[in-house]
Amino acid sequence: MKTLQGIPLDYYLWLSAALFTIGVLGVLFRRNAIVIFMCIELMLNAVNLLLVAFSNYYSDASGQVFVFFIMAVAAAEVAVGLAILMLMYRNTKTTDINILNRLKW
Amino acid sequence: MTFTNNLFYFLSFVAVLSALLVVFSKNPVHSVLYLIITFFAIAGHYVLLNAQFLAAVHVIVYAGAIMVLFLYVIMLLNLNHESETHKSTLMKLAATISAGLLLVVLVGSIRGSEQLMVQPQQVEVGSVKDMGRVLFKEFLLPFEISSVLLLVAMIGAVMLGKNEEEGKNPS
């Protein structure tokens, strides 16, 4: 198995799988919408890490460019998402997602 | 070799531990701070993978911009206390079991996959110079479109954050 600076590619697969699962666990586990947002960021970062690892493995810069675009999209997503969260808080005075299970105020 | 190995283990440990603390800490502000630690660990992984440009961008964008935005919203909404109502034990158990099953599926698929046999060429990628060359030659159009996306997101955030009662009762 080819290694990346002495580290097998497998290790990055394991690490990314662990981080992604922790993100999924957070989304399922917590009820605070802001913390759920943070866990989504965690999942995005797990995928980014794996993309960079594979990009380095194949010596292809496309993967890193892709990560760059994912970061841009994540920034946009966070800006809009937090604005929606502010709006939700203004209407319901809470960030608990259980309030929103009726899809109306 | 052994130094990079130790560094990898250390960074992985820090990343996974602080990611777990993000999920399980009660206070949202603590979650944000642990998430910043996770992001710095991931930036260290990028440096380890010869992606210096991405490491810098990652620290600037995530730790610098996105996390400040999160902290700002938490402070603005005055959520920096442990006021969260908790899910029932059944829901927590179901969530943990679901995440564990996902981990089992991922582990199974990784273990079942065949070993990668591509012989990598020794080409430098990841420095600012190489990334810039690729970004502005092959990916020029997506790069420009992403600027439009950021503009749209900014306009959307401003529109959503605008007080709709403004016209009715001026403060």
Side-chain angles (χ1 to χ4, degrees), chain A residues 1-2 4-7 9-11 13-15 17-26 28-32 34-35 37-39 41-42 45 48-49 52-53 55-62 64-65 67-69 71-76 78-80 82-87 89 95-96, chain B residues 1 4-5 8 12 15-16 19-20 22-23 28 31-32 35 38 42 45-46 48-51 54 57 61 65-66 69-70 73-74 77 79 84-85 87 92 95-96 98-99 102-103 106-107 110 115-116 118 120-121 123 125-126 130-131 134-135 139 142 146 149-150 153-154 156-157 160-161:
Chain A
M1 183 112 211
K2 172 79 174 81
L4 312 162
Q5 280 87 42
I7 301 155
L9 184 64
D10 277 17
Y11 290 10
L13 282 167
W14 300 123
L15 177 63
L19 282 177
F20 191 87
T21 312
I22 292 169
V24 171
L25 177 68
L28 295 173
F29 200 83
R30 297 298 297 260
R31 281 172 67 175
N32 192 338
I34 291 179
V35 181
F37 239 113
M38 288 192 266
C39 292
E41 294 299 314
L42 202 60
N45 273 283
N48 277 356
L49 180 63
V52 173
S55 159
N56 195 11
Y57 183 79
Y58 289 107
S59 295
D60 188 353
S62 303
Q64 298 192 9
V65 174
V67 170
F68 184 73
F69 287 130
M71 282 179 187
V73 172
V78 165
V80 175
L82 285 177
I84 291 174
L85 219 63
M86 292 283 294
L87 214 58
Y89 185 81
T95 52
D96 193 335
Chain B
M1 283 301 175
T4 48
N5 263 329
F8 174 83
S12 306
V16 170
L20 280 171
V22 169
V23 174
S31 287
V32 171
L35 194 56
T38 312
I42 291 175
H45 275 300
Y46 288 168
L48 216 57
L49 284 166
N50 269 332
L54 274 182
V57 169
V61 170
I66 291 181
L69 207 59
F70 270 110
V73 168
I74 288 174
L77 301 186
L79 293 174
E84 187 181 347
T85 51
K87 283 186 172 173
K92 281 182 177 176
T96 312
S98 308
L102 178 70
L103 184 65
L106 285 175
V107 166
I110 292 170
Q115 299 281 305
L116 293 160
V118 175
Q121 319 91 314
V123 187
V125 293
D130 302 311
M131 280 291 288
V134 177
L135 199 56
F139 294 92
S146 72
L149 171 76
L150 287 174
M154 192 176 76
L160 284 172

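Letters A, B, ... mirror the listed sequences (proteins, then strands); counts begin at 1.
- Neither the backbone nor the side chain of B:A65 comes within contact range of chain A; no heavy atoms are under 4.5 Å apart.
- Checked options B:V22, B:I66, B:T38; the residue passing with A:E41 is B:I66 (criterion: side-chain contact (heavy atoms from CB on, under 4.5 Å)).
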**Request:** Please assess A:F20 against B:L103 for the test side chain to side chain contact (heavy atoms under 4.5 Å, CB included), listing each intermediate value before the final yes or no.
**Result:** CA-CA 9 Å; A:F20 191 87; B:L103 184 65; over 6 Å; no
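- Considering all non-hydrogen atoms of both residues, B:A153 and A:A76 come closest at CB-CB, 3.4 Å.
- Only the side chain of A:L15 comes within less than 4.5 Å of a heavy atom of chain B; its backbone N, CA, C and O stay farther away.
- Heavy atoms closer than 4.5 Å to chain A are found in the side chain of B:L106, but not in its backbone.
- Heavy atoms only, all atoms of each residue included: A:M38 and B:S31 are closest at CE-CB, 3.6 Å.
- When every heavy atom of A:V67 is checked against every heavy atom of B:Y46, the shortest pair comes out as CG1-OH, 4.4 Å.
- To the nearest 0.5 angstrom, B:I42 atom CD1 is 4.5 Å from A:N45 atom CG.
- In plain terms, the two heavy atoms of A:A72 and B:L150 that are nearest each other are O-CD2, 3.6 Å.
- Closest of all the heavy-atom pairs between B:V23 and A:C39 is CG2-SG, 4.1 Å.
- In this view, A:T21 satisfies the side-chain hydrogen bond (donor to acceptor under 3.5 Å, both in side chains) rule with no residue, not counting sequence neighbours.
- How far CG of B:L54 is from CZ of A:F68: 8.0 Å, rounded to the nearest 0.5 Å.
- Residue B:A19 comes nearest to A:L19 through the heavy atom pair CB-CD2, 3.8 Å, listed as atom of the first residue, atom of the second, then distance.
- A 4.5 Å side-chain heavy-atom check between A:N32 and B:P28 finds at least one atom pair inside the cut-off.
- If you take CG on B:L69 and CG on A:L82, they are separated by 5.0 Å, rounding to the nearest 0.5 Å.
- Top candidate by heavy-atom pairs under 4.5 Å with chain B, chosen from A:V24, A:L85, A:V52, is A:V52.
- Rounded to the nearest 0.5 angstrom, B:L135 CG and A:Q64 CD are separated by 11.0 Å.
- Using a 4.5 Å cut-off between heavy atoms, A:L25 contacts chain B through both its backbone and its side chain.
- Side-chain contact between B:L160 and A:V80 is present, with heavy atoms from C-beta onward closer than 4.5 Å.
- Other residues, nucleotides and ligands place more than 12 heavy atoms under 6.0 Å from the OH atom of A:Y89.
- Considering only residues two or more places apart in sequence or on other chains, A:S62 meets the side-chain hydrogen bond (donor to acceptor under 3.5 Å, both in side chains) condition with A:D60.
- Between A:M71 and B:V57, the closest side-chain pair of non-hydrogen atoms falls below 4.5 Å.
- Of the two parts of A:F69, only the side chain, counted from C-beta on, holds a non-hydrogen atom closer than 4.5 Å to a non-hydrogen atom of chain B.
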